[in-house]
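Written out below as C-alpha cells is the structure these notes cover.
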There are 2 protein chains.
Amino acid sequence: MNSDVSLAKRPLRADAQRNYDRILEVALEVFTQSGIQASLDDIACQAGVGPGTLYRHFPNRECLLAAALDESWRGLARTSDDLMTATDAGRALRSWLIEISHHMGVYGGLPDSVAKAFSDDQSPLAPRCSLLGKSTSGLLARAQDAGAVRQDVTADDLLTIANSLAWATDKNGSSQDDVARLLDIFLAGLR
Amino acid sequence: MNSDVSLAKRPLRADAQRNYDRILEVALEVFTQSGIQASLDDIACQAGVGPGTLYRHFPNRECLLAAALDESWRGLARTSDDLMTATDAGRALRSWLIEISHHMGVYGGLPDSVAKAFSDDQSPLAPRCSLLGKSTSGLLARAQDAGAVRQDVTADDLLTIANSLAWATDKNGSSQDDVARLLDIFLAGLR
DNA sequence: TGACAAAGCGGAGACACTCTCCGTATATTC
DNA sequence: GAATATACGGAGAGTGTCTCCGCTTTGTCA
C-alpha cells in the first residue's frame, strides 16, 4: 500500500535532479511574473531543457504548480501553528483569513486552481488544500469557543470567502486593503 | 440609445443577418452547456458557417459573449426597476444581489469575464457592467437611506461580492442556497 | 431582367500552446 | 571501460484562435 514513496524510488540521477531544480526555479519566477497560465514550453525553454524533460518531471501544469507552491505553503502552515496559540481567537481567525488571501495572490490565477482543487480529490493541490482546511477548522473552532464567531459557520465557508476575495483582487487589481475591508464586513456578519 | 444601428450602418444583407442570428443562437446553446470557454470554431461549425464568418460578426469571444448576454441582462435591468419601487429597501437589495449572482451563473466562467470587464472600459461587456453598477448604486442608496445598510459601503463592494460568490459556486459546484447563505452573512455585516 | 459593384462567405493556413514518442546521450554500476 | 538503466530533447500530432483573400451571393439601377 505504501509502495508509492517509502520503498524503492531510488534518488534521481544527478543531471535529472539538476534539471528538476532548475525547472522549478524558473517556474517560480515565471508564475510570479506572468501568472500560472504562462506557457510551459516557455518555462522549459528558459530552464534550458526540452519540453519532454519538463513534462517528465511534472506531467501537467497542476503538478508543477503544486511543487512551486510547496515552500510558500509550508510557511502558511507555520503561521497557522503560531495563530493557534494566540490569546485573542477572534483576531487570530481574522489574521489567518487575511494570510490565506495573500497567499492566494502570489501567482495570478492561483485562486482558480485552488478552487478546483477543493472540489477535486485527484488534483495534485488537493492534499495541500486539505491541510489548509484542517488549519482553518482548528482556528474556527477556537474562535467559536471564544464566542467570537457563531456556530453555524463551517471552515469551508471561510475558505470559500477568503479564496473568492483573493480571486476578486487578482481579477480587478484592487488592493490588499480592499480584501481586508470586505473580509471585515464578512467577519462582522459572523458574530 | 440605439445609435449603433440607426445612423449610417446600413442593414445587414439578408444572408449575413441570417448567419448572425444563427451564430448567436448556437452560441447561446453552447455557452450554456459548455461554458464560455467553448471553441469558437466549433460554434461556427455547428452554426453551419466558416470561422471567418463568425469572426467577421464577432471579432472576439467577448463580443460574442456580450451579444449572447444581451437579452438575459435586459431582464436583469427590468428586475432592478421593479425592486426600486419595493417597500422594504433592505430586502430589495438582498434580492438584487442574489439575482445578480444567479445571472452570473448562466454560463460557466462568466464571472471571470465580468470581473475583467469591470476594470476594463474597452471590454464589450463594460457598458453592460456599468448599467449594473448604476442599478446597484440606486438600490444601495435606498437601503442606506432606510438605515438597512451602513454608509461606508460602495456599489462596487457589493458587485465584487456578488460576482465573487457566483464565481465560487461556478468553480466548486456548490448550490444557489450556499450563495444566498454566504450573502446573508455578508449582509448581516453590512448593518 | 440582366449586369455590375458591394457585401459577404469560407476554408486554408499562420501561429501558439500542450503533450507524447522515441532515437540518442549520459550517468551509474560492476 | 563496458553494460545497463535512466534521462534527454526535439519533431510532430492534436487542438484552438484568428486572418487573409479568392470566390460567391445579394441588392441596385438602368
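Below, chains carry the letters A, B, ... as their sequence lines are ordered, and counting in each starts from 1.
- Contacts of B:Thr53 with the nucleic acid, taken as non-hydrogen atoms under 4.0 Å apart, include base atoms.
- Across all strands, A:Arg61 comes closer than 4.0 Å only to sugar-phosphate atoms, never to a base (heavy-atom distances).
- Atom CZ in A:Arg56 sits roughly 12 Å away from atom C1' in C:dT26 (whole-Å rounding).
- A 4.5 Å side-chain heavy-atom check between B:Val149 and B:Arg191 finds every atom pair outside the cut-off.
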Legend entry - Chi angles and distances behind the side chain to side chain contact (heavy atoms under 4.5 Å, CB included) call for A:Leu158, A:Phe186: CA-CA 10 Å; A:Leu158 299 184; A:Phe186 187 78; 4.1 Å; yes
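- For the side chain to side chain donor-acceptor pair (under 3.5 Å) criterion with A:Asp15, the lone passing option out of A:Arg18, A:Arg13, A:Gln17 is A:Arg13.
- Using a cutoff of 4.0 Å between basic side-chain nitrogens and carboxylate oxygens, B:Arg74 and B:Glu71 are not scored as salt-bridged.
- For the pair B:Gln37 CD and D:dT15 P, the interatomic distance rounds to 18 Å; values are reported in whole Å.
- An OP1 or OP2 oxygen of C:dA16 is reached within less than 4.0 angstrom by no side-chain nitrogen or oxygen of A:Ser39.
- A straight line from CG of B:Asn60 to C1' of D:dT19 spans 14 Å, rounded to a whole angstrom.
- Atoms CG (B:Asp42) and P (D:dT17) sit 9 Å apart, rounded to a whole Å.
- The CD atom of B:Gln46 sits 16 Å away from the P atom of C:dG10 (whole-angstrom rounding).
- Among the heavy atoms of the strands lying under 4.0 Å from B:Pro51 is at least one base atom, whether or not backbone atoms are also near.
- Ring geometry for B:Trp167 against A:Trp167 counts as parallel: the plane angle stays under 30°, on a 0 to 90° scale with 60° as the upper cut.
- If you check residues 14-31 of chain A against DNA chain D, the residues with a heavy atom closer than 4.0 Å are A:Asp15, A:Ala16, A:Asn19, listed by number.
- A residue-by-residue look at B:Asp41 and A:Gly52 shows that A:Gly52 has its nearest nucleotide of DNA chain D further toward the 5' end.
- Spacing between atom CD1 of A:Ile43 and atom P of C:dC17 amounts to 11 Å, rounded to whole angstrom units.
- Of the listed nucleotides (D:dC8, C:dT20, C:dG10), C:dG10 has the atom at the smallest distance from the side chain of B:Val49.
- Side chains of B:Ser135 and B:Trp96: a donor-acceptor N/O pair is absent below 3.5 angstrom, by distance only.
- Listed pair A:His57 / D:dA7 fails the phosphate criterion, with no side-chain N or O lying under 4.0 Å from OP1 or OP2.
- The interatomic distance linking A:Ile36 (CD1) with C:dC17 (C1') rounds to 16 Å, in whole Å.
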Inset, instruction - Start with the C-alpha distance between A:Ile161 and A:Leu97, add both sets of side-chain angles, then the distance that settles side chain to side chain contact (heavy atoms under 4.5 Å, CB included), and finish with yes or no. - result: CA-CA 9 Å; A:Ile161 289 296; A:Leu97 295 179; over 6 Å; no
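- For a distance-only test at 3.5 Å, the side chain of A:Arg13 fails to qualify as a donor-acceptor partner of the base of C:dA27.
- What separates CD of B:Glu62 from P of D:dT17 is a distance of 13 Å, to the nearest Å.
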